[in-house]
There are 2 protein chains.
Amino acid sequence: MDISTFLTYLNNYIDLTDEEEALLRAKVVRRTYLKNQYIVQQGDVCTSVNFIISGCTKTFFMDAEGQEHIVMFSIEEWWTSDLGSFTSQTPSDFNVQCIENTQLIQITYQNLETLYRQIPKLERFFRKIVERAFVASQKRIIRNFSLDAKERYKIFEHTYPRINQRVPQYMIASYLGISKEFLSKIKSQLINEQ
Amino acid sequence: MDISTFLTYLNNYIDLTDEEEALLRAKVVRRTYLKNQYIVQQGDVCTSVNFIISGCTKTFFMDAEGQEHIVMFSIEEWWTSDLGSFTSQTPSDFNVQCIENTQLIQITYQNLETLYRQIPKLERFFRKIVERAFVASQKRIIRNFSLDAKERYKIFEHTYPRINQRVPQYMIASYLGISKEFLSKIKSQLINEQ
DNA sequence: GTAAAATGTTAATCTAGTTCAACATCATTT
DNA sequence: AAATGATGTTGAACTAGATTAACATTTTAC
């Protein structure tokens, strides 16, 4: 449950020499947040990218009417951040809040820039990670336009069973872009259908 | 109107030596597509990333009912591709079709992999390009959830005036996720409001 | 310059999903 | 074990936007 977990994960994607591992160890920190704590708050500059060792977070946006809109959930072995805020070091549009006690590996903006210079293959690594995230985001847009709420829920349930089990239903409704009452109705329909 | 346009654009982001420019020239090709031609077809593997020198494309998905859903428009100085298909060299989910006669710079998968090795700072360049695209995609998800169709149209009009002028209204409706009839109604409301 | 095709408009009817309100269940704290 | 807060359910009334269909306008091709 320490930085080794993170290095093991990284070594699945890029081969790190011992020196490179040492450089990384020097520039990343492990941090624990409690349930409900914020990693990033809307309006603040997002200072780090965060790799989740254990726990679960939600990334959401609070609209003008005070309504919460969940953009993504993140669990073990995934990255979370407000990337727009982080990359341009400007105030963030999103909040990232822990839904469970959460252990992270954090890399600050300055440290990541240094690491990119010291270990250029990290550029390649993050290029691939962001490509994957972008592709998932595009597919989500399409699903939101071409499928009704029940289909979207069925896909969510099937694609992210681990999230579906851990996260309260009203948050899943927000992620799907529907009201909690309507998700409740969908779930009871799905039960009656079988 | 040739590869120089592309190299000038690239030099805004990363400094290329003469040798690097020569490597690039050797691995990219310029190609012209006519209006209505497809650069990528749903089901085919997307073989290249495409930088638009002139023209306009739409990226869309054809659903089970034969309905077209536009994910993005691309114009001069932007990239277009089915990134999911390209990066994993698997069949694409999307079509990319020219809305106007379009001149592109194309880089094939193999050539881009070679170029990444020859010019590692290209990794950095594409990391940044994809980061930007991902951030825009996330913001779009939020807008689709938190704003009604009229607000979304107003933002579109304001953010992409050059696209709004060039592209038929029924395609903009598809991009916004609404019917063409409803967009027509929205536009007449906006005219009456002033 | 005319026909055909593509694009845009208007209005009536319909529906997926919202909102509100009241209640039910579950979890946590004392 | 009672009380409080968080989560989930149900139903009635409502609305943003879809669908259909008929017509209007603009563009393209011959």
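Reminder, nothing fancy here: chain letters follow the sequence lines and each chain counts from 1.
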Spell out protein contact along nucleotides 15-30 of chain D as letters: B when the base is contacted, S when just the sugar-phosphate is, - when no protein heavy atom is under 4.0 Å; keep the 5' to 3' order.
--BSBB----------

With sequence neighbours excluded, what pairs up with A/T90 under the side-chain hydrogen bond (donor to acceptor under 3.5 Å, both in side chains) test?
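So A/T90 forms a side-chain hydrogen bond (donor to acceptor under 3.5 Å, both in side chains) with A/S88.
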
With sequence neighbours excluded, residues passing side-chain hydrogen bond (donor to acceptor under 3.5 Å, both in side chains) with A/E131
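A/E131: side-chain hydrogen bond (donor to acceptor under 3.5 Å, both in side chains) contacts with A/R127.
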
Please answer whether the main-chain N or O of [Y] pairs with a side-chain N or O of [X] as donor and acceptor at a distance below 3.5 Å.
X	Y	result
B/D148	B/E151	yes
B/R124	A/E123	no
B/N95	B/Q97	no

Please state how far atom [atom1] in [X] lies from atom [atom2] in [N], giving the value in whole angstrom units.
X	N	atom1	atom2	value
B/Y170	C/dT10	OH	P	20 Å
A/I99	D/dA6	CD1	C1'	14 Å
A/N164	D/dG8	CG	C1'	14 Å
B/Q189	C/dT10	CD	P	11 Å
A/N36	D/dG5	CG	P	15 Å
A/E68	D/dA6	CD	P	13 Å

Which atom of B/F94 lies closest to which atom of B/V40, heavy atoms considered:
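Smallest heavy-atom distance, with atoms named: O-CG1, 3.9 Å.
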
So, is A/Q169 close to the D/dT9 phosphate, meaning a side-chain N or O under 4.0 Å from OP1 or OP2?
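So the side chain of A/Q169 is within the cut-off, an N or O lying under 4.0 Å from OP1 or OP2 of D/dT9.
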
